[in-house]
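Every value quoted in this text rests on a predicted model; they were computed, and no experiment measured them.
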Amino acid sequence: MNDPASDLKARYERLQLLHQVGQVINSTLEPQAALQLIVSEAVRLMRATSGSVVLINPTTGFLEIQAAIGLPAAASELKLRVGEGITGWVARHGQPARVGDVRQDARYVMARKSIRSELAVPLEVNGEVRGVLNVDSDRADAFAAADQELLEALAQQAARVIHNTWLFEQSRLKARLLEMLVSVGQTINSTLNLDDALEVVTREACQLMGAKMCSLMMLDDSREWLDLRASHGAGKAYLKKPRLSAEESLLGIVVRRKKPIQIENVQTSSRYQNVEMARKEGLVSLLSVPLIFGGQAIGTLSVYTDRPYHFSNEEVKILSALASLSAIAIEKARLYERIVDVEEQLRQNEKLSAIGLLAAEVAHEIRNPLTVMKMLYHSLDLKFPAGDPRTKDAEVMGQKMDHLNKIVQQILDFTRVAEPHLAEVNLNQLVDDLGLLTRHKLDHQKILLIRKLQPDLPLITADATQLEQAFLNLTLNAVEAMPRGGQLTISTQTERLPKSAGGLMREVVIEFTDTGEGMTEAQRQQIFASVFNTTKKTGYGLGLAIVKRVVEVHRGKIEVQSRRGKGTSFRITLPL
């Protein structure tokens with residue numbers, strides 16, 4: 001008959017041991033160090049010869065030794081299926097196993113020749129078996145029921161420790177990934193060239209995810225094909241692979257569904273189209289996420305590992321966040337390229353407008369002497385005797401002068417500023433759009449743009465396109481007048497009638513003021529006269545005559561104030 005006092009004493013001693021062991025194994029949050037402490041304390045507590053912590057690999061499903069004491073180095077390579085060996089039996093059934101002689105147990109898989117007895121208990125995390133805690137002895141029947149009870153209690157503590165270290169490691173990984181994500185976002189958005197942006201995306205994604213290779217595929221204009229646009233770590237075999245169909249390929253599914261996909265091993269997957277290429281390149285696990293902008297998928301961002309790997313939910317979220325940043329950067333780079341193209345097109349339009357103005361002035365200068373010639377020709381009243389060949393010559397001269405006059409009239413009609421298409425226009429919005437259009441040019445020239453816009457500025461009736469061209473001409477000329485940088489201020493306001501007229505608002509004023517080189521009085525007097533009369537190689541002159549014509553067509557007026565070395569200010573007033 002058991003002595004109650006002895007049982008109570010033994011139980012107290014076990015609890016005291018567990019408390020001491022708990023303090024030891026809870027002394028670190030480093031996952032590997034915690035596992036090593038767990039197995040070390042288990043072997044000491046059970047007076048065992050060897051021991052191990054075996055966990056289920058979530059990617060492969062195999063039981064793998066994560067920490068061990070007393071086992072040969074080769075044992076760390078041992079992998080068991082759930083259900084295989086005594087350890088596998090415990091993992092499958094979630095029940096402890098105490099074997100007095102392993103040589104008599106058909107389930108046993110040898111890890112060390114001298115082992116005679118084994119005690120294995122499950123490690124449960126949140127009600128799910130995630131591994132097994134084993135202790136072994138070179139003695140037969142080395143472990144009693146009390147030892148099993150004690151090891152089970154230790155396993156409960158160990159499971160909590162393992163769970164906490166996993167949570168800590170996930171939090172640390174998440175913090176590291178988020179920190180890297182911020183850095184990556186800044187790097188991605190610091191480039192405006194599309195090819196450079198894509199190169200940065202793949203390089204940073206590779207580093208962020210610790211991957212062997214990263215690729216970025218984008219839909220072509222037809223949205224039927226995915227083309228490789230950038231990669232990092234890719235070999236020749238990957239770079240030479242054919243384009244993918246958006247309808248039939250695995251990555252096409254990512255685009256169509258707008259959801260991530262991961263494949264544990266592309267070398268054996270029937271869903272992956274380029275298995276041989278993957279084997280040549282040494283690509284194993286794949287995670288692919290969609291690039292989405294404005295609710296529409298424009299491509300995929302994919303990372304590959306060189307070993308079997310299961311990407312966690314946090315890693316999927318991180319790569320998806322990177323893909324979202326990348327899509328914005330891609331669209332930003334595309335937009336910038338379009339802005340550059342539009343800016344160049346507008347600049348060419350400005351030159352064409354100037355050429356048109358030049359043609360009009362040439363035509364005007366030709367028309368004046370031509371009119372005099374026609375008047376003198378008719379006043380001569382040239383009449384020659386019948387049969388005199390000079391009669392025909394006189395007729396030809398008259399016809400050619402009429403022909404020249406018609407050509408001059410056609411040129412003047414063609415170059416005349418078109419009647420504006422009037423509609424309500426928000427001048428403040430035009431200035432904001434102008435700032436967006438010229439932002440990069442101003443940054444490149446180290447010019448600070450300051451906008452002083454009256455918030456309640458009333459709408460005016462005007463042609464927005466013509467005004468936008470006039471404002472762009474003024475801005476670009478200001479840029480040319482500040483080759484070493486400076487400041488351009490654009491302001492809008494309303495002006496009122498004199499008190500005698502009731503103090504009502506009558507016009508809107510917009511001013512362009514720069515800190516450039518300025519103009520002499522002679523230049524200022526001639527600034528709007530003609531493209532022939534400009535005395536400045538760069539800056540004001542080209543297109544300003546056009547600006548004046550646009551303003552006058554809108555029944556407005558433009559004035560200029562400038563001093564050499566003190567900058568220039570253009571003031572445009574437009575009626576409400």
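Side-chain contact annotation: Ser117 with Asp141, donor-acceptor N/O pair under 3.5 Å absent. Inspection of the Ser231 and Ser215 side chains reveals no N or O donor paired with an N or O acceptor under 3.5 Å. Looking only at atom types and distance, the side chain of Ser269 has no donor-acceptor partner in the side chain of Arg271 under 3.5 Å away. Thr492 and Asn428 share a donor-acceptor pair across their side chains, judged by distance under 3.5 Å alone. A side-chain N or O of Gln148 and one of Arg98 form a donor-acceptor pair less than 3.5 Å apart. Judged by distance alone, the side chains of Arg307 and Ser285 never bring a donor and an acceptor atom under 3.5 Å apart. A donor-acceptor pair shorter than 3.5 Å cannot be found between the side chains of Gln262 and Tyr309. Between the side chains of Gln454 and Asp456, at least one donor-acceptor pair of N or O atoms lies under 3.5 Å.
Residues Asp147 and Arg47 are in side-chain contact: their nearest non-hydrogen atoms beyond the backbone lie under 4.5 Å apart. Contact of the Ser302 side chain with the Leu251 side chain is registered, since non-hydrogen atoms from C-beta on lie closer than 4.5 Å. Put simply, the side chain of Glu128 reaches to within 4.5 Å of the side chain of Arg130, judged on heavy atoms. Inter-residue side-chain proximity for Leu226 and Arg243 is flagged as unmet; no heavy-atom pair is nearer than 4.5 Å. A 4.5 Å side-chain heavy-atom check between Gln273 and Leu250 finds at least one atom pair inside the cut-off. Within the 4.5 Å cutoff, no side-chain heavy atoms of Lys452 are placed close to those of Ile490. Side-chain atoms of Asn274 and Tyr238, non-hydrogen and from C-beta on, never get closer than 4.5 Å to each other. No side-chain heavy atom of Met213 sits under 4.5 Å from any side-chain heavy atom of Thr305.
The two residues Ala278 and Gln267 come nearest to each other via the heavy atoms O-NE2, 3.7 Å. Contact between Val129 and Ala91 at its shortest, heavy atoms only, is CG1-O, 3.6 Å. The heavy-atom pair separating Ala323 from Leu291 by the smallest distance is O-CD2, 3.3 Å. Val275 and Val266 get closest at one heavy-atom pair: CG2-O, 3.7 Å. Of all heavy-atom pairs between Leu63 and Arg81, the closest is CD1-O, 4.0 Å. Heavy-atom minimum distance, Ala234 versus Leu239: CB-CD2, 4.0 Å.
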Checking side-chain contact (heavy atoms from CB on, under 4.5 Å) for the pair Val135/Phe143: CA distance, chi angles, key distance, verdict?
CA-CA 9 Å; Val135 289; Phe143 306 110; 3.9 Å; yes

One pair to check against side-chain contact (heavy atoms from CB on, under 4.5 Å): Glu124 and Gln156. What are the steps and the verdict?
CA-CA 7 Å; Glu124 293 187 9; Gln156 290 179 355; over 6 Å; no

Audit row: Thr87, Asn134, side-chain contact (heavy atoms from CB on, under 4.5 Å) steps and yes/no
CA-CA 8 Å; Thr87 301; Asn134 290 305; 3.1 Å; yes

Could you give me the CA-CA distance, side-chain angles and deciding distance for Leu119 and Val99, then say whether side-chain contact (heavy atoms from CB on, under 4.5 Å) is met?
CA-CA 6 Å; Leu119 176 58; Val99 180; over 6 Å; no

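Within 6.0 Å of atom CZ in Arg223, more than 12 heavy atoms from other residues, nucleotides or ligands are found, so the atom counts as buried in its surroundings.
Interatomic distance, Thr489 OG1 to Leu449 CG, rounded to the nearest 0.5 Å: 8.0 Å. Summarising the geometry, atom OG belonging to Ser52 is positioned 5.5 Å from atom CG belonging to Leu71; distances are rounded to the nearest 0.5 Å. Rounding to the nearest 0.5 Å places CG of Asp227 at 11.5 Å from CG of Leu216. Here CD1 of Ile298 is found 8.5 Å from CG of Leu219. Values are rounded to the nearest 0.5 Å. With values rounded to the nearest 0.5 angstrom, Ile253 atom CD1 is found 10.0 Å from Glu247 atom CD. Rounded to the nearest 0.5 Å, atoms CG (Asp101) and CZ (Arg139) are 13.5 Å apart.
Ion pairing between a basic and an acidic side chain is recognised when a charged N comes within 4.0 Å of a carboxylate O; Arg116 and Asp136 show no such pairing.
Across Ile318, Leu319, Leu287, a single residue satisfies side chain to side chain contact (heavy atoms under 4.5 Å, CB included) together with Phe311, and that is Leu287.
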